[in-house]
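Model, not experiment: these values are computed from the prediction. Proteins get letters first, then strands, A, B, ... in listed order; numbering begins at 1 in each.
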Amino acid sequence: MNFIEELRWRGMLQDMIPGLENQLAKEMTVAYIGFDPTAPSLHIGNLAAIMLLKHFQLCGHKPIALVGGATGMIGDPSGKAAEREFLSEDTLRANQVGIQKQLEKFLEFHAGANSAEVVNNYDWFKEFSFLGFLREAGKFLTVNYMMSKDSVKKRLETGISFTEFSYQLLQGYDFYHLYKTKNVRLQMGGSDQWGNITTGTEIIRRKEGHDEDATERAAFALTTPLVTKADGTKFGKSESGNVWLDAEKTSPYAFYQFWLNAADADVPRLIRVFTLYTKEQIEELEKQHAEAPHLRILQKAVAEEVTTRVHGAEVCALVIEASSLLFSKDAVELIAGASDALLAQLPIHEVSATLLAECKNLTDLISVGTDNLIFPSKGEARKAIQNNAISVNKVKVTDPNAALDFEKIRGQYLLVGNGKQKNYILSFK
RNA sequence: GGGGAUAUACCAGAGCGGCCAAAUGGGGCAGACUGUAAAUCUGCUGGUGAAUGCCUACGGUGGUUCGAAUCCAUCUGUCCCCA
């Protein structure tokens, strides 16, 4: 199956410049996607783009991931209602390092001719002088053209700085630079990137494309739809915010749980976009899911594959075990018999002796005693207990003033549940 | 530069000088039902407390008043109109 067909049935194709299919059929093609270092880690919002590169490579083409060390210093106005604050250069540098490391996990870097590459646009922008850039890139586009972009138009009312206005020029120049130096013919991205990407193809066309074989050397754009949820809320956020790919920021357990909790209405889309299952496999899984929806076969399939890709098979196996353990009626006994490796994946929170000393009752313990992990205030903790939401060692507790004389598992742990989805293990040293 | 409007909790958005910790909607959390799903219904949604209460909060500062989210002055931000 070729790349475009693959994207089509997966629902990952939003738009592309005509002629791309011919180009891809003709030869091994090089494509890139840019990632902005606005945070020290990628999050699952970036994962769709990564999958795009992944499929591209699996179809025999060469993917390049670009880390926006330079563009990150400017700020992409796409989809942003207001001007943003700059990130400090130190932050940006640290973010670039982190993101680059993560990108390297998802693609094949030793696959011969179509090995993946990671580049950083700071490398070619750092030497650029302002005058040089104006002559080299700025001359090829009119302000009229740049103003017609959606990302700019939406900001004309409220204002956009020259800096953010120029962003598309930088990203456009990236494309040109890679076109020249690495023979990159295609830039991909989310649908919000269409404007920025076509700025790039436009620069290439104007700088390069005036002779007779111009169509032979054309540059292309391809975008993927933004992943949305059936209920209209934003995909990729959990209760505690972004779902990160970095295990330090979102634990593998929480990561797995995020996917496992996907709504039935969303999961057919998720499995197509975020996993490599074939069409036949997916249809089979969907059939099984429809027969026994309570088993959540699709959710498990997505959660397992994505967690494996991001955190590795070993960790994934452990968090699956950890998940079934925590939700089991026999959780207490199972924790008592758990291996050290498994314990390490459980959501364990150490209760500090100083905080514990201040706790008079259960309410105190699950608010201030856990450093506000479970509840940010005693009032909320008390209300939750009164609302029948809290269990200790799988037994519901409804008295906010319950004394802290629960029997600890292994003489050390207490299993606290809030609602039916959230479990915490408190550790007392 | 001149004139006008506006600033309220996570967001939107009411608010009579005392009955305002502040209507309503959304969002969020929880309960029931389920399947760690969706929909629905119910409760909660500033802090502290068992509670009458107390504390902190309606852009900032200062004032009027027994009493201010509400009136006055001033500053700041935002929006609109004119130049």
Indicate whether OP1 or OP2 belonging to [N] is found under 4.0 Å from a side-chain N or O atom of [X].
X      : N     : answer
A:R382 : B:A50 : yes
A:K396 : B:G31 : yes
A:K422 : B:A30 : yes

In whole angstrom, give the distance that lies between atom [atom1] of [X] and atom [atom2] of [N].
X      : N     : atom1 : atom2 : answer
A:K329 : B:G35 : NZ    : C1'   : 13 Å
A:N401 : B:U48 : CG    : P     : 14 Å
A:N418 : B:A30 : CG    : C1'   : 7 Å
A:Q421 : B:A30 : CD    : P     : 7 Å
A:L325 : B:U36 : CG    : P     : 16 Å
A:F375 : B:G47 : CZ    : P     : 12 Å

What integer number of Å spans the P atoms of B:C19 and B:C55?
-> 15 Å

Using the P atom as the reference point in each nucleotide, state the distance between B:G28 and B:U76 in Å, no decimals.
-> 39 Å

With a 6.0 Å cut-off on ring centres, are [X] and [Y] close enough?
X      : Y      : result
A:W259 : A:F274 : yes
A:F130 : A:F133 : no
A:F3   : A:H55  : no

Between the protein and nucleotides 52-56 of chain B, list every N/O to N/O distance that falls short of 3.5 Å.
none

Just checking, any donor-acceptor pair under 3.5 angstrom between side chains of [X] and [Y]?
X      : Y     : result
A:Q187 : A:Y32 : yes
A:N121 : A:T71 : yes
A:T223 : A:Q14 : no

Dump the pairs, protein N or O against N or O of nucleotides 40-45 of chain B, anything under 3.5 Å, distances to one decimal.
none

Map A:D264 and A:N388 onto RNA chain B by nearest heavy atom, then report which one ends up closer to the 5' terminus.
-> A:N388

Given A:L415, which of A:V392, A:L325, A:I425 fulfils the side-chain contact (heavy atoms from CB on, under 4.5 Å) condition?
-> A:I425

Using the side-chain heavy atoms of [X], tell me which of these nucleotides is nearest: [options].
X      : options             : value
A:A263 : B:U36, B:U34, B:A38 : B:A38
A:S377 : B:U48, B:G35, B:U36 : B:U48
A:N261 : B:U36, B:A50, B:G31 : B:U36

In residues 288-324 of chain A, what residues come within less than 4.0 Å of RNA chain B, judged by heavy atoms?
-> A:P293, A:H294, A:R296, A:Q299, A:S323

Is any side-chain N of the basic residue among A:E21 and A:R8 closer than 4.0 Å to the acidic one's carboxylate O?
-> yes

